[in-house]
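Atom set for the values below is all heavy atoms of this structure, side chains included, hydrogens, waters and symmetry mates excluded. One-based numbering, in listed order, for ligands and for the atoms of each. Since the model is a prediction, treat every value here as computed from it, not as a measurement.
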Amino acid sequence: MQDSTTTGVDIQQLCVYCGSSTGSNPAVSQAAVSLGRLLGERNIGLVYGGGAVGLMGRIANEVLAGGGSVTGIIPTSLFPPEVTHDGLTELIDVNSMHERKAAMMERADAFVALPGGFGTLEELVEALTWAQLGLLDKPVGLLNVDGYYDHLLAFFDRAVEDQLLRPSNRALIRTADTPETLIDSLLSTRVTAAPKWNELGQTETGGS
Ligand code: AMP
């Protein structure tokens, strides 16, 4: 396990986790489109789950329409063929969901979760878990469109209050409500991964 590290961030590839459904809130689909457009403008490539559907499809199509590069990573055997996007810059077919998440973490320089369901939540929390273990030294952001993640953030605060989550690990999540603010925040992030286990039995105040 690595010690605390500090790195600057140069985001060439951004991994976006988001819903495979579009959802009912127009502000959310608009945020996916705006983030896709922003990636094109800033020449940042998109790495994502390779889907043609839902918010995943929206953001991929927007990046492609702006001439940007999109890498989809998907275990094609697990999904009906029509949900895999067939117009991406690069499509990587992996064997499992585990392999997909590992490949995303390796390829991307930073991670952002848009609104989504279980799949999105699982991917976001896995990235945070790797970060708190010191296995991932790349920034992780949450696009909190229209307060979608307010309850999740309140849960994380409660976990800190109850000393089940360290304040320094809670601080690993960068949050913003617009794509521009979030990307700027990630770009200026200096990631410090503090290992969860410093010394056996030693705890940080307010954390595990
Ligand atoms: P959810 O938030 O439950 O809609 O799940 C979205 C996440 O799970 C995405 O980031 C994908 O990595 C994965 N996923 C779920 N459904 C699909 C699909 N139809 N095609 C590709 N990836 C999917």
Side-chain angles (χ1 to χ4, degrees), residues 11 13-36 38-39 44-64 68-131 136 138-153 155-156 172-175 177 179 182-183 186:
I11 305 178
Q13 302 283 330
L14 179 77
C15 177
V16 174
Y17 305 130
C18 62
S20 53
S21 306
T22 307
S24 60
N25 186 347
V28 167
S29 350
Q30 185 50 50
V33 169
S34 304
L35 177 57
L38 186 68
L39 294 185
I44 297 173
L46 171 69
V47 174
Y48 85 119
V53 294
L55 298 172
M56 300 172 72
R58 293 271 164 108
I59 187 167
N61 288 336
E62 196 61 30
V63 176
L64 292 167
S69 116
V70 181
T71 300
I73 306 179
I74 187 165
T76 52
S77 60
L78 294 186
F79 296 100
E82 63 274 15
V83 307
T84 299
H85 202 302
D86 61 6
L88 303 179
T89 316
E90 184 184 17
L91 185 74
I92 300 171
D93 191 0
V94 288
N95 292 316
S96 67
M97 297 295 273
H98 291 295
E99 215 181 285
R100 169 201 253 174
K101 284 181 290 177
M104 285 169 148
M105 293 215 211
E106 199 175 310
R107 286 191 160 239
D109 304 303
F111 303 82
V112 161
L114 265 62
F118 281 156
T120 303
L121 188 62
E122 189 254 348
E123 289 167 328
L124 167 73
V125 173
E126 179 161 303
L128 291 168
T129 307
W130 284 37
L136 182 76
K138 302 172 180 178
V140 181
L142 194 59
L143 191 58
N144 190 17
V145 185
D146 209 10
Y148 182 76
Y149 281 117
D150 284 355
H151 291 95
L152 182 68
L153 294 167
F155 161 74
F156 292 146
L172 289 167
I173 315 165
R174 271 76 190 178
T175 306
D177 55 9
L182 188 58
I183 297 297
L186 295 178

Any Arg100 heavy atom less than 4.0 Å to ligand 1: yes
Contact atoms of ligand 1, heavy-atom distance to Thr120 under 4.0 Å: 1 (P), 2 (O), 5 (O), 6 (C), 7 (C)
side-chain hydrogen bond (donor to acceptor under 3.5 Å, both in side chains) contacts in which one or both residues fall within residues 141-150, not counting sequence neighbours: Asn25-Asp146, Asn144-Asp150
Contact (N/O only, under 3.5 Å) between Tyr17 and ligand 1: no
Residue that, paired with Lys101, satisfies side-chain hydrogen bond (donor to acceptor under 3.5 Å, both in side chains) out of Glu122, Glu123, Glu106: Glu122
Residues forming a salt bridge (Lys or Arg N to Asp or Glu O under 4.0 Å) with Glu99, sequence neighbours excluded: none
Ligand 1 contact on Glu122 by region, counting heavy-atom pairs under 4.0 Å: neither
Any Gly19 heavy atom less than 4.0 Å to ligand 1: yes
Protein heavy atom at shortest distance from atom 8 (O) of ligand 1: Gly119 CA, 3.7 Å
Atom indices of ligand 1, in the order listed, that fall short of 4.0 Å to a heavy atom of Gly49: 21 (C), 22 (N)
Polar atom proximity, Phe79 to ligand 1 (N or O, under 3.5 Å): no
Which residue and heavy atom of the protein sit nearest atom 6 (C) of ligand 1, plus the separation: Cys18 O, 3.2 Å
Worked verdict on Phe111 versus Leu124 for side chain to side chain contact (heavy atoms under 4.5 Å, CB included): CA-CA 8 Å; Phe111 303 82; Leu124 167 73; over 6 Å; no
Contact (N/O only, under 3.5 Å) between Ser21 and ligand 1: no
Proximity of Ile74 to ligand 1 by residue part, where a heavy atom lies under 4.0 Å: side chain
Salt-bridge criterion met for Glu90 and Arg107 (N-O under 4.0 Å): yes
Thr84 side chain reached by Asp86 side chain, heavy atoms, under 4.5 Å: no
N/O separation below 3.5 Å, Gly117 to ligand 1: yes
Subset of ligand 1 atoms that lie under 4.0 Å from at least one heavy atom of Gly116: 2 (O)
Protein contact of atom 15 (C) of ligand 1 - nearest heavy atom, named by residue and atom, plus distance: Ser20 OG, 3.7 Å
Atom 10 (O) of ligand 1 [closest protein heavy-atom partner, distance rounded to 0.1 Å]: Glu123 OE1, 2.6 Å
Contact atoms of ligand 1, heavy-atom distance to Val83 under 4.0 Å: 19 (N), 20 (N)
Non-hydrogen side-chain atoms of Leu46 and Leu14 separated by less than 4.5 Å: no
Sub-4.0 Å atoms of ligand 1 with respect to non-hydrogen atoms of Phe118: 3 (O)
